[in-house]
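Working notes for the structure below.
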Amino acid sequence: FADVITSMGQSLKDIGSIMVLLGCDVADGENNHCKKDSWIAANFEPKYLIIVSFIPFWFRFWQCMKKQYKLGFLHENNTQLWNAGKYASKLIPPFILLMNPRANKQESDGYMNDGFALYILFNLIATFYCSFWDYYYDWGLCRSRKSGSYGLREKRTFKPIVYYLAILEN
């Protein structure tokens, strides 16, 4: 369940933002965002977005840790620890937002505040980590040298073209 919810993270964030915009008493005509004095914009949206950004990855992190615990932390296969690291990298940006609510916004003078720079940095790290994991471990990209299926994993259910198209779509 947690794996499915982590895949739906961006959609859940978008649904929350739409709920906020639909619930606005007064919208600012220039940028279609709630005015700052709107209760929904001030109270619901930040908390909802942080929760939706944090909770699924928190559960998935602990699932991976439990799997590694059952294998043993000194086991030669530490794949679950690396997988847990992927989810831990996704926990850091919402934590930065929780500690510094202005971290996802630039200053009015165009300069970045420290929280914003950290937020961007850790989102970039998480994006690269998760992308590498998806392509290398989940899709098996660059793991096989067999003719006709270059770069794909050894065990496949479908024809290689299906995997190549899915990788591009991912």
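Since this is a predicted model, take the numbers as computed values, not measurements.
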- Message: Measuring from atom CG of Leu71 to atom NZ of Lys66, what distance do you get when rounded to the nearest 0.5 angstrom?
- Response: 12.5 Å
- Message: Nearest 0.5 angstrom please: Leu118 CG to Asn123 CG, how far?
- Response: 11.0 Å
- Message: Any heavy-atom pair between the side chains of Phe116 and Ile96 that's under 4.5 Å?
- Response: no
- Treating Ile, Leu, Val, Met, Phe, Trp and Tyr as nodes and any side-chain heavy-atom pair under 4.5 angstrom as an edge, say whether Tyr164 and Leu168 lie in one connected cluster. no
- Query: Looking at Pro93 and Tyr119, what are the two nearest heavy atoms and their distance?
  - Reply: O-CD1, 3.7 Å
- Note on the structure: Rounding to 0.5 Å, atoms CG (Leu121) and CD1 (Ile92) come to a distance of 9.5 Å
- Of all heavy-atom pairs linking Lys90 and Ala126, the shortest is CD-CB, 3.8 Å
- ILVMFWY cluster, Phe57 and Ile55 together (side-chain gap under 4.5 Å): yes
- Item | Distance-minimising heavy-atom pair for Trp58 and Leu91 | N-CD2, 3.5 Å
- Atom pair CZ/CZ of Phe54 and Phe59 - distance to nearest 0.5 Å: 10.0 Å
- Query: Do Asn83 and Gln63 have side-chain heavy atoms sitting under 4.5 Å apart?
  - Reply: no
- pair Tyr137-Phe132: side-chain heavy atoms closer than 4.5 Å: yes
- Task: Would you indicate whether the side-chain heavy atoms of Tyr69 and Trp62 approach each other to under 4.5 Å?
- Result: no
- Task: Work out which heavy atom in Gln68 is nearest to a heavy atom in Thr79; give both atom names and the distance.
- Result: OE1-N, 4.2 Å
- Item | Distance, nearest 0.5 Å, that separates NZ of Lys70 from CE of Met65 | 14.0 Å
- Identify the heavy atoms of Phe61 and Ala84 that sit nearest to each other, and give their distance. CD1-O, 3.2 Å
- Query: Between atom CZ of Arg60 and atom OH of Tyr87, what is the distance when rounded to the nearest 0.5 Å?
  - Reply: 4.0 Å
